[in-house]
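Worksheet: the structure to be examined is printed underneath.
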2 protein chains.
Amino acid sequence: MTVTETDAADVAAEPDVCASVEAPRIRPGGQTHYTISEVAAACGLSAHTLRWYERIGLMPHVDRSHTGQRRFTDRDLEWLGLVAKLRLTGMPVADMVRYAELVREGEHTFPDRHALLVATREDVRRRIAELRETLAVLDYKIDMYAALRPPENTERTA
Amino acid sequence: MTVTETDAADVAAEPDVCASVEAPRIRPGGQTHYTISEVAAACGLSAHTLRWYERIGLMPHVDRSHTGQRRFTDRDLEWLGLVAKLRLTGMPVADMVRYAELVREGEHTFPDRHALLVATREDVRRRIAELRETLAVLDYKIDMYAALRPPENTERTA
DNA sequence: TACGGACTTCGAGCGCACTCCAGGCAAGCG
DNA sequence: CGCTTGCCTGGAGTGCGCTCGAAGTCCGTA
């Protein structure tokens, strides 16, 4: 139980899982801090959005150079990878901020985080099921239109 | 080729496919027109939203009672079923309006409609793939949190 | 005939997730 | 030294998809 809050954050950021998801380590040469524009290019978000994410508490605290410029770490990139994934599931930004708060609060929020992730997973599963239904409808309609217009297909296949 | 524009719209609305998707025929007694609040209750949209859909051209023209009140048909319900499905794939309303316009323009837009549906299907497939990736990440993280907190699981399973 | 409730139109307002702008600072270069 | 480039901040603006309100009409029941 010598785990500090920082360690807890480490665990939550999960270097390994995110490493397999979003490529960190933009600079292979041991350099592990990046400017905002490098990060923007790497993760597909605008610099504006990255600053905004920090302002609303979605970034777990980015450190600065001696002149006040943001210096993102590999861990930040990993976190952004997770955020990007969750975003495109339709998860509201407010919910992700909530998760980020739990991470900042430390190790005692593990159960809450676990519960939040489980709920999110259920959401994702539901969405996948919905999309599959929609896919079935689209397939049906596409077949119908194809069947209605065979003249275009009259170029014989051999 | 005696198909009129109305017939083309029929084809586009596809009674059969939508019948299998969204239950039409709220009133089984041969009555096939519904007030706005009946439709709202049936499809989960608000009456406001239904009027707004009509205003922006997303509804294929709803007919009215002698006093000017909307009278939705089973075909309208079927169309709304499709719209609902497409909406929750993230398809922008503007794109669905485009599709509705193609339907109104008649039979000669069959190829365009076909193409639009095919493109949409690709979109849906991509989204499903994304969601599956996200699911994998969530599974991984959930397992991690579960492994980190075995004390809670110590209630032996037998 | 009076009343409550559901409907009509048009237009304004809202919440979300960015997106952009103005004004300013710091570093690098010819 | 001046110029350019990249970053900083705070706050205003944008686009989308609804959502609501006001003011009026119509319908059914007592």
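Taking atom CG of B:Leu58 as the reference point, atom C1' of D:dC18 lies 12 Å away to the nearest angstrom. Distance B:Arg87 CZ to D:dG17 C1': 7 Å, rounded to the nearest Å. When rounded to the nearest whole Å, the span between CD1 of B:Ile36 and P of D:dT25 equals 19 Å. If you measure from atom CG of B:Leu50 to atom C1' of D:dT19, you get 13 Å, rounded to the nearest angstrom. Regarding B:Phe72, its CZ atom lies at a distance of 16 Å from the P atom of C:dA6, rounded to whole Å. In this structure, the CG atom of B:Leu88 is 20 Å from the P atom of D:dC16, given to the nearest Å. Taking atom CD1 on A:Ile56 and atom P on D:dG11, their separation rounds to 16 Å, with Å as the unit. If you take CD of B:Glu54 and P of D:dG17, they are 19 Å apart, rounded to a whole angstrom.
Considering only side-chain N and O atoms, A:Arg55 lies nowhere under 4.0 angstrom from the phosphate OP1 or OP2 of D:dG10. Between A:Tyr53 and C:dC18 there is a side-chain N or O to OP1 or OP2 distance below 4.0 Å. The phosphate of D:dC18 has neither OP1 nor OP2 within less than 4.0 Å of any side-chain N or O from B:Ser46. When the side-chain nitrogen and oxygen atoms of B:His48 are compared with OP1 and OP2 of C:dG11, none of them lie within a distance under 4.0 Å. Checking the phosphate oxygens (OP1, OP2) of D:dT9, a side-chain nitrogen or oxygen of A:Arg64 falls inside 4.0 Å. Residue A:Arg70 places no side-chain N or O under 4.0 Å from the OP1 or OP2 atom of D:dC7. Within the structure, a side-chain polar atom (N or O) of B:Ser37 is placed less than 4.0 Å from OP1 or OP2 of C:dC7. OP1 or OP2 of D:dC27 lies within a sub-4.0 Å distance of a side-chain N or O belonging to B:Thr67. Distances shorter than 4.0 Å separate some side-chain N or O of A:Thr35 from OP1 or OP2 on D:dC7.
Using a 4.0 Å heavy-atom criterion, one finds that A:Arg71 contacts no nucleic acid atom at all. Within the nucleic acid shown, A:Arg51 comes within 4.0 Å of at least one base atom, counting heavy atoms only.
The closest side-chain heavy-atom distance from A:Thr134 to A:Leu138 is below 4.5 Å.
Each of B:Pro92 and B:Gln69 was matched to the nucleotide of DNA chain D holding its nearest heavy atom; the match closer to the 5' end belongs to B:Pro92.
When the nucleotides C:dA17, C:dA27, D:dG17 are ranked by their closest atom to the side chain of B:Trp52, D:dG17 comes out on top. Taking only side-chain atoms of B:Thr49, from C-beta outward, the nucleotide of C:dT19, D:dT19, D:dG17 with the closest atom is D:dT19.
Looking at A:Arg125 and A:Glu122, a side-chain N of the basic residue comes within less than 4.0 Å of a carboxylate O on the acidic one, giving a salt bridge. A salt bridge links B:Glu54 with B:Arg70: the closest approach of a Lys/Arg side-chain nitrogen to an acidic carboxylate oxygen falls below 4.0 angstrom. Note on B:Arg75 versus B:Glu78: no salt bridge recorded, every NZ/NE/NH1/NH2 to OD/OE distance being 4.0 Å or above.
Residues A:Phe110 and B:Leu148 share a closest heavy-atom pair of CE2-CD1, 3.9 Å.
Residues A:Tyr34 and A:Asp74 bring a donor and an acceptor atom of their side chains to less than 3.5 Å of each other.
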